[in-house]
Every structure is written in C-alpha cells, then in structure tokens.
Amino acid sequence: MDFFTADTHFYHEKLLLSQHFSPRPYDNLADEHAGLIKVWNQRVDENDTVYHLGDIAMMNHVRPERRAHELVADILNQLQGHIVFIKGNHDSRSLFKYLTAHNPVLADGRAKFDFEDVGRIVKANHHQFFLTHYPLILGQTQNSINLHGHIHHTMVAVPENINVGVDSADLDYLTTSEKPAWGSPLPLEEIEMMMQRKKDDFAKRR
C-alpha cells in the first residue's frame with residue numbers, strides 16, 4: 001500500500017511556535033517526534049511504501065553535520081515501511097548521502113530508503129500523480145494531479161494540486177470524523193476524497 005506525506009520538519013523547534021504558517025499540536029520536540037512516529041506506525045507496515053515529499057528535518061543548528069544526520073537517521077529508522085524521499089528545500093544532499101551509506105535492508109530485500117532529487121510519477125486509479133516538493137502548475141487536466149508539500153497550512157487554488165504535508169490546509173476537505181490523527185501519512189483513498197471535494201468546491205466558484 002502507498003502513503004504520502006511531507007514537511008515533517010523533525011527538530012525544527014521554532015515551527016512549534018507558529019499558530020498560522022504551520023500549526024502543530026505539540027509544545028515540545030520530544031512529544032512531536034513521539035507523536036509523528038506513533039501515527040506513522042499505526043498506519044504503515046513494513047510492506048508499505050511512503051512517499052515523503054520533502055523537508056524531512058531542520059538541523060542547521062546542530063554541529064558537527066554528521067551528528068545532525070545521525071539524529072535524523074535515528075528517527076527515520078523508527079518509521080515502518082519503505083520510504084521514498086523527494087528532496088525538499090531543507091533537505092541537504094549530504095543527508096541523502098549519509099542515509100544512502102546507512103540504509104537498512106527490509107525483510108523483503110528492498111533498501112529502506114530511496115531518493116529523488118526532483119520528483120517521481122506514480123500511476124494509480126487512472127491518474128498520474130506528479131510527486132514533488134514544490135507545487136507545480138499543471139493547468140486544467142483530466143488525469144494528472146500534483147501531490148506536493150512546501151506551502152504548509154495553505155493550498156494552491158486549483159483542484160489539480162493537493163498538499164499532502166502534515167500541516168496541509170487541503171486536509172480540511174476531509175470531515176472531522178474522516179480526518180486522520182495529525183501527522184498521519186495519507187493513503188490514496190483519503191487523497192482521492194480530498195481531490196474530489198476540492199474539485200467540487202472549485203466548480204461551485206466558477
């Protein structure tokens with residue numbers, strides 16, 4: 001099963017102070033990290049794939065750099081499943097190199113981590129999903145959808161773009177009873193619900 005997420009921003013303590021740009025239901029990093037690990041592993045098992053669309057962590061304050069990479073890897077190794085990372089603006093090439101060199105092997109023989117610098121295309125349910133960190137402007141299209149992160153608690157005002165970040169405003173297209181626990185990776189079923197309701201919403205505005 002495939003899941004999608006973005007903008008976890010592990011170790012980004014200042015983001016916890018944001019009430020508008022990236023509202024997060026935690027007061028400290030330890031609780032946030034524990035919460036994100038818990039909701040991830042409640043949904044994802046070792047046979048699943050999670051596409052993480054950028055901004056894994058914010059570690060500019062940690063030196064030496066290798067120590068920062070070790071701390072991030074420690075969290076990522078607690079997350080179940082095969083993880084495909086799409087590089088975000090806060091993801092360094094040196095982090096990707098470190099994770100490549102310290103890449104666990106899953107029971108099915110796959111490396112735990114896989115990497116893309118720009119993006120990936122996933123085809124499912126008669127759609128092409130363009131997976132990127134930054135939003136793309138595809139224009140009106142029948143079957144192409146851009147899943148992205150980067151813009152936190154905002155949305156691109158066209159239905160062809162769905163923000164899958166942990167703090168996405170597009171999550172508001174799920175009802176309260178449908179909305180998963182904060183920070184949960186999203187399965188395709190929930191993304192398709194968001195897609196259809198966003199499409200219906202914008203059709204009413206014309």
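Every heavy atom of this structure was used, including side-chain atoms; hydrogens, water molecules and symmetry mates were not. All values derive from a computational prediction rather than experimental measurement. Position 1 is the first residue of the sequence, and the numbers go up from there.
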Check your understanding: For A57, does its backbone N or O pair with a side-chain atom of H90 as donor and acceptor, under 3.5 Å?
Key -> no
Practice item. Indicate yes or no for a side-chain donor-acceptor contact from K112 to the backbone of L79 under 3.5 Å, with no hydrogens or angles considered. Key: yes
Practice item. Measure from the ring center of Y11 to the ring center of H33 and say whether it is less than 6.0 Å. Key: yes
Which pairs of donor and acceptor atoms, one on a side chain in residues 124-132, lie under 3.5 Å apart (sequence neighbours left out)?
from, atom 1, to, atom 2, distance (Å)
N125, ND2, E192, OE1, 3.4
N125, ND2, E192, OE2, 2.9
H127, ND1, N125, O, 3.1
T132, OG1, Y134, O, 2.7
T132, OG1, N146, ND2, 3.0

Review point. For D48 and Q80, what are the C-alpha separation, side-chain angles and deciding distance, and is it a side chain to side chain contact (heavy atoms under 4.5 Å, CB included)?
Key: CA-CA 8 Å; D48 295 328; Q80 295 188 145; over 6 Å; no
Point to revise | Face-on cation placement of R93 at F96 ring, 6.0 Å and 45° thresholds | key: no
**Study point:** Other residues, nucleotides, ligands: >12 heavy atoms within 6.0 Å of E13 CD
**Key:** no
Exercise for review: Taking N103 for its side chain and F113 for its backbone only, find out whether a donor-acceptor pair lies under 3.5 Å.
Suggested key: yes
Revision key, fill the gap. Between F202 and A157 the two heavy atoms that sit nearest each other are CE2-O, 3.3 Å
Check your understanding: Okay, side chain of D91, backbone of K87: is any donor-acceptor separation there less than 3.5 Å?
Key -> no
Check your understanding: Do side-chain atoms of E160 reach the backbone of I145 as a donor and acceptor pair under 3.5 angstrom?
Key -> no
Check your understanding: Is there any salt bridge (Lys or Arg N to Asp or Glu O under 4.0 Å) pair reaching into residues 56-72, and which pairs are they, with sequence neighbours excluded?
Key -> R66-E70, R67-E70
Check your understanding: Does a salt bridge link D201 with R205, judged by any charged N lying under 4.0 Å from a carboxylate O?
Key -> yes
Review point. Within a strict 4.5 Å, meaning less than it, do heavy atoms of the Y51 and L147 side chains meet?
Key: no
Review point. With a 3.5 Å cut-off and no angle check, do the side chains of D167 and H152 form a donor-acceptor pair?
Key: yes
Point to revise | K198 and V158, any side-chain heavy atoms less than 4.5 Å apart | key: no
Point to revise | Any donor-acceptor N or O pair under 3.5 Å, side chains T8, H52 | key: yes
Check your understanding: Once the angle between the rings of H69 and Y98 is folded into 0 to 90°, is it parallel (under 30°), tilted (30 to 60°) or perpendicular (over 60°)?
Key -> tilted
Point to revise | Heavy-atom donor-acceptor pair, N163 side chain to T154 backbone, under 3.5 Å | key: yes
